[in-house]
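Heads up, the thing below is written out as structure tokens.
Counting starts at 1 for both ligands and their atoms, in listed order.
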Amino acid sequence: MDKAKIQKIVSSLTLEEKASLCSGADFWHTKQIEGKDIPVIMVSDGPHGLRKMYESSIDPNACIKAVCFPAACALACSYDRELVQEMGKALGNECQSEGVAVLLGPGANIKRSPLCGRNFEYFSEDPYLASHMAAAHIKGVQSMGVGSSLKHFAANNQETRRLSVSAEIDERTFREIYLSAFEYAVKEAKPQTVMCSYNKIAGEYSSQNKRLLTDILRDEWGFEGLVVSDWGAVDDRPKGIKAGLDLEMPGSMGKNDKRIVEAVKNGELDEADLDKVVFRVLDLIYKGDENRQYAAKWDKDKDRALARKIAADCIVLLKNEKKLLPLDTKKKIAFIGEFADKPRFQGGGSSHINVEQVATAHEYSKEYAQVSYAQGYITSEDKTDDALLSEAVKLAEESDTVVIFAGLPDAFESEGFDRAHMRMPACQLELIDKVCEVNKNVVVVLHNGAPIEMPFADKAKGIVECYLGGEMIGAAICDVLFGKVNPSGKLAETFPIKLSDNPSYLNFPGEGDTVKYNEGIFVGYRYYDKKDMPVLFQFGHGLSYTEFEYSDITLSADEIKDSDILTVTVTVKNTGKRDGKEAVQLYVHDGHSSVIRPEKELKGFEKVSLKAGQSKKVVFKLDKRAFAYYNTQINDWYVEYGQFDILIGSSSADIRQSASVFVETDNVIPMHFDLDSLGGEVMSFPEGKKIFGEIMGLVNMGFDSAQNDEAAQAATAMFNDMPLHAMVSFVNDERITRELIENMVDELNKAAVEYAKKV
Ligand code: BGC
């Protein structure tokens, strides 16, 4: 419906009617207004399946049967925008068939700590990857005429006190890491809705945070859709209206609607602000109504087949010593572990899908080979069952190759709480240990939503990470184990050796109602790289059954302006005997910077499919953002001119090609001096030398620099570190007053502005 018509409807509503449209009728529907012909739309949870509540039920957990696709933790490992988009399309079609107008997801929050109970619903520790995956998901869903709800905006990086904790994040970190994860997805994919988070940011709830919901989201990023509250995230409803929170979900049974009416009547809330919100609610409702495809039908088998294909492309082969995988079907193979029969394939909480059937590895192995099975442990119990353990060890002794299915049970990670540690259940670890003692050909297959410690990493010859791969994971893992599918997933997060290695360790999940993000921009590999720290598995790591060779990196120019686009090409060749896919990763390293920057940052990735022997040119386009950092002096992205290295590799630790480019900046930020600027800083600036040179020569630090080299060095060091205001004390000349120095600083700042124009 066009804007003028919606505006007309807004004008025709009473204050009470307008207020009532600002919240849901129940958990999942918008409200009806008596006597008015305004349609009602339904929203439902995603993001990796359709969690639609039965219309007839009031229990928010009574949901229709649907297909569970891989959760975001797995999906991100595909590094495949097209694949994610395909999944989004299938979800959108399911929504159309079931009359759902908005699918709640995807989640673009950053995996700050491996402990966040909801990491399985998020994509990555890296904002570029998270935002690109989210954008692909949204594009897929919305291409079917269904809206997405990008969540949880913003800084919802833990479950502990998620409804009240205040995230304290410095501005540069907020922009470069936590907001960036949303920014590209908002700008590129234009989600119909964004869901605000429960938590506070710097003391203000997201649901009433004007800076977040209006200044940044709408004014800076150009978002034109609707902001919905996370379920129950509303604190002060009139304040939320002013801040740009449009729809409150679920409804507060009219309580907050009344507050809106009162606030308008007593002048606390401007009715024009309410009208803006009502406009956006109606816009969403009419979009949903007009885009509805009543004839849409979804095909469960088709979607299950797609879920299998996607799951297989997300699986990450972490280790494969002596090429134990793919499995040799001529050998005696044993599958051990209850997850082979009952895999953990999704997480708990609002994304939990009510599935009809689950593919198990035990069952699907029959498509490939004769496999023996032993349960080994009881998933729901954290203690060893001696009988199951001995049966498993006996089977391992009699077998040539053993695949152990292990990981985290539901009770270990879920929405609503954070993990307390990174360990697997002790009974599973004991099983892996005992089996490795009797069999040297052990592969461990993992089902978990976030990194775990792996004390068995040296003992097992093979390690395969499935994450939470959706209901077809049992079939998909057999496709990979038996070599029908060549694994091509790469980690979207680092696996640290132990929890205390993680940069957020000292501050997670905070103290009382505050969590300080003291590690700043050094999240995930940005930290481990900078510290040159050993990790278990690096960001971007993932093996294949074939090998890839990288060559011929080429840049479109050696020197560019920051407003230019740099084109980078590299050739990737499949040098092995099997067809395969490679996620080619591009990182940027700033050669010299006046601010502290990570060693390298992901700024591009492409998944290429290569037949055995085939090679392809992979092309990347880099814009200003690939080189910029967020500068808090100008409150904008800024490229500091200089040399940057373009690093292309198979993982963050396996860089195969590199080249350099000199980037010039269109607008150099002038240096800024004040009375606290140091002698060394001033003298290293050419104009500073001219203005201050003479009186600097008079500084007497109490060393006789003519005496010997050490004294001269000490004098220079002291001088370099001396602030300008201290010259009053250290220059023995009564003309050198504070006033004089202030005037000279003014002169210096003017010269700095002129200098910046010339550079
Ligand atoms: C979750 C959201 C979810 C909503 C509706 C909230 O508790 O944080 O992700 O979409 O519930 O179920």
Side-chain angles (χ1 to χ4, degrees), residues 23-30 41-54 57-64 66 68 71-73 75 91 95 98 100-111 116-123 130 134 137-138 141 146-165 167 181-182 185 191-201 205-207 225-235 245-252 284 346-354 413-418 449 468 509:
S23 65
D26 53 28
F27 254 73
W28 311 113
H29 296 90
T30 55
I41 57 165
M42 181 177 200
V43 304
S44 285
D45 264 313
H48 46 260
L50 176 56
R51 190 167 193 270
K52 183 195 168 187
M53 197 190 87
Y54 284 117
S57 173
I58 50 156
D59 173 2
N61 293 311
C63 301
I64 62 161
C68 178
C73 55
L75 200 56
L91 288 170
C95 288
E98 298 291 344
V100 169
V102 176
L103 186 72
L104 304 174
N109 297 92
I110 288 288
K111 299 179 196 230
C116 172
R118 222 173 168 182
N119 273 356
F120 69 87
E121 263 190 80
Y122 301 142
F123 293 111
H137 190 288
I138 296 165
V141 171
V146 171
S148 291
S149 194
L150 180 63
K151 62 192 188 182
H152 307 91
F153 189 59
N156 183 178
N157 307 100
Q158 63 188 62
E159 291 300 281
T160 307
R161 290 184 183 243
R162 68 170 166 157
L163 273 87
S164 59
V165 74
F182 289 88
Q192 283 185 20
T193 81
V194 164
M195 187 191 292
C196 78
S197 60
Y198 282 126
N199 51 282
K200 299 179 197 128
I201 299 166
Y205 281 109
S206 295
S207 63
L226 168 140
V227 177
V228 60
S229 71
D230 196 346
W231 268 228
V234 167
D235 173 48
L245 172 69
D246 302 309
L247 181 63
E248 175 187 9
M249 288 302 277
S252 60
L284 182 81
Q346 65 171 330
S350 60
S351 68
H352 201 270
I353 305 303
N354 191 7
E413 55 181 355
S414 162
E415 177 179 342
F417 62 88
D418 293 319
L468 304 180

**OP:** Please step through side chain to side chain donor-acceptor pair (under 3.5 Å) for the pair Arg118 and His152, ending with a clear verdict.
**Re:** CA-CA 11 Å; Arg118 222 173 168 182; His152 307 91; 3.2 Å; yes
**OP:** Test Met195 against Trp231 for side chain to side chain contact (heavy atoms under 4.5 Å, CB included), laying out the working first.
**Re:** CA-CA 9 Å; Met195 187 191 292; Trp231 268 228; 3.8 Å; yes
Just list the N/O pairs, ligand 1 to protein, that are under 3.5 Å apart, with the distance for each.
| unit_1 | atom_1 | unit_2 | atom_2 | d |
| --- | --- | --- | --- | --- |
| ligand 1 | 7 (O) | Tyr198 | OH | 2.8 |
| ligand 1 | 7 (O) | Glu415 | OE2 | 3.2 |
| ligand 1 | 8 (O) | Arg118 | NH1 | 2.8 |
| ligand 1 | 8 (O) | Arg162 | NH1 | 3.3 |
| ligand 1 | 8 (O) | Asp230 | OD1 | 3.2 |
| ligand 1 | 8 (O) | Asp230 | OD2 | 2.7 |
| ligand 1 | 9 (O) | Arg118 | NH2 | 2.6 |
| ligand 1 | 9 (O) | Lys151 | NZ | 3.0 |
| ligand 1 | 9 (O) | His152 | NE2 | 2.7 |
| ligand 1 | 10 (O) | Asp45 | OD1 | 2.7 |
| ligand 1 | 10 (O) | Lys151 | NZ | 3.1 |
| ligand 1 | 12 (O) | Asp45 | OD2 | 2.4 |

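Every residue two or more places apart in sequence or in another chain that forms a ring-ring contact (aromatic ring centres under 6.0 Å, His included) with Phe153 is listed here: Phe182, Trp221. Judged as a side-chain hydrogen bond (donor to acceptor under 3.5 Å, both in side chains), and not counting sequence neighbours, the contacts of Asn157 are Tyr517. Remark: Ala101 pairs with Ile41 by the side-chain contact (heavy atoms from CB on, under 4.5 Å) rule, at least two apart or across chains.
Screening Ser229, Ser252, Cys196, Ser23 for a side chain to side chain contact (heavy atoms under 4.5 Å, CB included) involving Val234 leaves a single residue, Ser229.
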